[in-house]
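Structure, as structure tokens:
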Number of protein chains: 4
Amino acid sequence: MDVLEDEVPVGGVAQDIGGVAADQLRSIVERIERLEEEKANIANDIKEVYSEAKGNGFDAKIIRKVVALRKKDKHDLAEEEELLALYRAAVGV
Amino acid sequence: MDVLEDEVPVGGVAQDIGGVAADQLRSIVERIERLEEEKANIANDIKEVYSEAKGNGFDAKIIRKVVALRKKDKHDLAEEEELLALYRAAVGV
Amino acid sequence: MDVLEDEVPVGGVAQDIGGVAADQLRSIVERIERLEEEKANIANDIKEVYSEAKGNGFDAKIIRKVVALRKKDKHDLAEEEELLALYRAAVGV
Amino acid sequence: MDVLEDEVPVGGVAQDIGGVAADQLRSIVERIERLEEEKANIANDIKEVYSEAKGNGFDAKIIRKVVALRKKDKHDLAEEEELLALYRAAVGV
């Protein structure tokens with residue numbers, strides 16, 4: 001494997017450890033960590049909107065369903081619901 | 001590491017490695033593995049039923065929904081659907 | 001859509017609802033439900049083995065890791081761990 | 001349930017549908033949708049960093065592990081790894 005080869009960086013900015021460009025890897029990991037943190041913050045914001053909605057008397061689970069339904073193509077959704085109605089009638093639920 | 005030191009179990013059924021009852025742990029791990037395998041086999045059987053259903057012209061995704069709906073308490077489901085209808089009307093979806 | 005056509009089953013075993021072979025669908029759904037139940041039972045058995053292990057002083061999370069490691073090909077695992085050691089050294093973790 | 005009560009909004013900004021404050025619900029749903037979109041964009045950015053890393057010869061799966069390890073408390077991680085080493089020795093993996 002290339003990255004495992006013994007590389008001697010000559011005056012390079014990257015300090016190689018076992019052939020791994022340490023600086024480059026650290027930079028990658030830090031970028032991911034920053035993005036993961038942003039993502040976690042937004043996930044938290046979403047949770048808070050649901051909490052607030054609940055505090056205002058709404059049902060968070062049902063809002064979640066509405067959000068999911070709105071993501072779908074209207075035509076596909078209509079077809080799906082028609083089929084679901086048939087299957088439910090057939091199975092009795 | 002201390003715990004990795006060579007310990008001599010004296011007449012014990014379990015051969016301890018670093019104080020871990022090796023035989024007992026192996027037995028636990030093997031039981032889990034057998035159960036995991038059984039579970040994977042059943043998950044595969046379920047997949048096959050869906051495939052077969054699809055082969056017979058059914059829509060697997062809709063069947064999945066029907067199965068989920070049947071798991072719910074009838075009263076809870078009715079309430080949920082009533083609320084969902086209201087929310088959908090309000091939001092227009 | 002074919003399944004939406006108004007079909008009148010004449011003495012057929014399947015009672016069609018909106019063109020859906022109701023009996024066939026019910027049978028599919030019931031097979032899935034039985035399999036799902038079996039799967040849930042096994043998942044529960046697995047949980048119990050972990051609980052029991054915990055009761056015997058083992059760390060369930062670490063057992064879970066051991067089980068995951070044993071699933072891997074030995075050669076792949078060795079390569080992975082070698083690379084992980086390099087990356088960890090590079091990043092300092 | 002309060003939200004199901006027959007409310008007559010008198011000149012209110014909210015148009016109630018079956019007692020649901022439609023405007024309020026729409027606003028909630030739209031806030032969630034905007035946040036979900038932001039979250040999806042960031043998830044996509046993360047994917048791209050991994051792709052780029054892969055393009056530079058790094059192993060994305062191993063980077064993912066390094067990121068996970070860095071999230072842990074150093075002391076907890078050391079303890080976990082010590083125990084894992086014991087269990088692995090006991091089970092032979």
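Sequence lines set the chain letters: A, B, ... in the order given, protein chains first and strands last, and positions in each chain run from 1.
- Note on B:E81 versus A:R88: salt bridge recorded, some NZ/NE/NH1/NH2 to OD/OE distance being below 4.0 Å.
- In this structure, A:Y87 contributes its side chain and B:D59 its backbone to a donor-acceptor pair below 3.5 Å.
- Interface summary for chain A: among B:L84, B:V93, B:V91, B:I62, the most heavy-atom pairs under 4.5 angstrom belong to B:I62.
- Using a 4.5 Å cut-off between non-hydrogen atoms, the part of residues 66-78 of chain A that approaches chain B consists of A:V66, A:L69, A:R70, A:K72, A:K74, A:L77.
- The stretch residues 42-51 of chain B places none of its residues near chain A, where near means some heavy atom under 4.5 Å from a heavy atom of that chain.
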